[in-house]
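Since the structure comes first, as structure tokens, the remarks are kept for the end.
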Amino acid sequence: MNDQTKYNELFDRLLDGTLNEQEAAKLRSEIEKDPELTGKFEQHKLAVDGIRFHGRKEMLEKVKEWDKALNGEKTIASHGLKRRQWFYYAAASLVFLLGVAYLFSTTYIRGYQQLAASYYEPYKYMPSVTRGESKGENTLEEIIDYYDRGEYRSVIMKLNEFDDTQKTPLSEFVLASSYQALDRYKNAAPIYEKIANSSSIYATPAKWYLALCYLSMKKPDLAVPLLESLQKGNNAYAAKASELLKELE
Amino acid sequence: MNSHSLIDRIKNHDADEALREIFNAYRNEFMLWAVRNHSCTMEEAKEVFQESVVILYENIIYEKVTEITTQVKTYLFSIGKNKIRELLRLKARHQTAEQDHLFQDQDIYHNRFDEAYEEKLKKVETEIEKLGDPCRKILTLYYYHRKSMQDIADLMNYKNSDTVKNLKYKCLQRLKQTLGRQMRTFLLLVL
């Protein structure tokens, strides 16, 4: 570890308050005594504060977008309600009838496969991959664009050309999601299994989608333990898993 | 959503969804409460709420709060209440200043850093934008969102955490070098 790396780490820990009292006091005294180190520390602090300032602004922009989306939905809803109340009564009746039909079908008619299909929607939070050095043809960034456009066959074709050095948890998750979107559960399941058993950030969504795959493959005995673990945890799938488990009962 | 669940979800890579649920659930109630009880305008209440959600997120990721003993709603509203007080205080000061024809066009929300330091931060921000991705994203994920090297590797599709660690070091050095150059130019102009 060179000096600069060492000091970067120490400065980070000093700013975050994760150095113990003794270490912090020693570093502060070093900074005070050495004008060059003082300059380096000030510059580091300014850079970190600037990054956090930028991050906060981005986060606030994101929240403003949520506000716009929520507000847009509400404006449309209230505007429509005033002008066309009859339409909503009719729609409500239709929804009620459809709901009754849906309950009837899920409870009495539909099998596991259809039940899984009713809960399935393609994973829509694929990150934007921004690796500068990997831009070009068939990069994951380009492949995720195909995924976002629903061109799953192209995604599978391109990802299957990846060699082991190119495979990452994200690329594997995209591949499994594409197989699932095309109802190729037997291809998707083993990939999801691998991700679900890893410490990747895609482990939780992989569990949910794997459970749906198992149901589609008429293997509820494999799906249930996954759904139960999702239900117990604090994650975005807990409520849906609980609902699905009730339906399976 | 209970407070335990919120903290876990935010720390376990589900922050956007969890915060958006909170946002959608309490936004309108907060705005009505702020307008009725604290003489805010709707626009002010909206901005305060947006900022409160961001503060809630920051308090959790920076571990200023590790356990919320009350309901999430109560905690969020208490952040909002403090922000409203701050806003009203600054607004009052702003109005007095306006009467004296001073300090016009000030941002009533800026209270974190003093004005000169905030100017510096804006310059740093411009440099961060110039760095572009992946540097901008790596540095923001690491320093603002407090993601681990492994999480960043997963999110940005890097092979392993060591690659991210190296890149983060290089990106930070690039940023510091740019800031250093700016500082030298500034000193040359002054002297």
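Each chain gets a letter, A, B and so on, in the order the sequences are listed, and its residues count up from 1.
Scanning residues 200-210 of chain A against chain B with a 4.5 Å non-hydrogen threshold yields A/Ser200, A/Ile201, A/Tyr202, sorted by number.
For B/Gln173, the part sitting under 4.5 Å from any heavy atom of chain A is the side chain, from C-beta outward, and nothing else. For B/Leu141, no part lies under 4.5 angstrom from a heavy atom of chain A. Heavy atoms closer than 4.5 Å to chain A are found nowhere in B/Phe49, neither backbone nor side chain. Heavy atoms closer than 4.5 Å to chain A are found in the side chain of B/Leu175, but not in its backbone. Using a 4.5 Å cut-off between heavy atoms, B/Lys122 contacts chain A through both its backbone and its side chain. Contact of B/Asn160 with chain A is not made at all, since no heavy-atom distance falls under 4.5 Å. If you measure heavy-atom distances from B/Lys147 to chain A, you find no contacts under 4.5 Å at all. For B/Gln150, no part lies near chain A; criterion is any non-hydrogen pair under 4.5 Å.
Inspection of the B/Tyr117 and A/Asp49 side chains reveals an N or O donor paired with an N or O acceptor under 3.5 Å. Judged purely by distance below 3.5 Å, without hydrogens or angles, the side chains of A/Thr18 and A/Asp16 never pair a donor atom with an acceptor atom. No side-chain N or O of B/Asp151 forms a donor-acceptor pair with one of B/His145 less than 3.5 Å apart.
The aromatic ring centroids of B/Tyr143 and A/His54 lie 6.0 Å or more from each other. Aromatic rings of A/Phe11 and A/Tyr7 (six-membered ring for Trp) have centroids within the 6.0 Å cut-off, being under it.
The two atoms that bring A/Gly50 and B/Val124 nearest to each other are CA-CG1, 3.7 Å, heavy atoms only.
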Check the pair A/Leu159 / A/Leu140 against side chain to side chain contact (heavy atoms under 4.5 Å, CB included), numbers first and verdict last.
CA-CA 8 Å; A/Leu159 282 176; A/Leu140 193 55; 3.9 Å; yes

Between B/Tyr144 and B/Glu58, does the side-chain hydrogen bond (donor to acceptor under 3.5 Å, both in side chains) criterion hold? Intermediate values first, please.
CA-CA 9 Å; B/Tyr144 179 72; B/Glu58 289 175 351; 2.7 Å; yes

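Of the possible donor and acceptor atoms, one in the side chain of A/Asn235 sits under 3.5 Å from a partner among the backbone N and O of A/Leu230.
Checked options A/Asn187, A/Ile143, A/Ile156; the residue passing with A/Ser178 is A/Ile156 (criterion: side-chain contact (heavy atoms from CB on, under 4.5 Å)).
Interface remark: of the candidates B/Val53, B/Asp154, B/Ile128, B/Thr140, B/Asp154 forms the most heavy-atom pairs closer than 4.5 Å to chain A. The greatest number of non-hydrogen atom pairs below 4.5 Å with chain A, out of B/Arg146, B/Glu127, B/Arg136, is found for B/Arg136. The most heavy-atom pairs under 4.5 Å with chain A, out of B/Ile138, B/Leu172, B/Val54, come from B/Val54.
Interatomic distance, A/Cys213 SG to A/Ile191 CD1, rounded to the nearest 0.5 Å: 9.5 Å.
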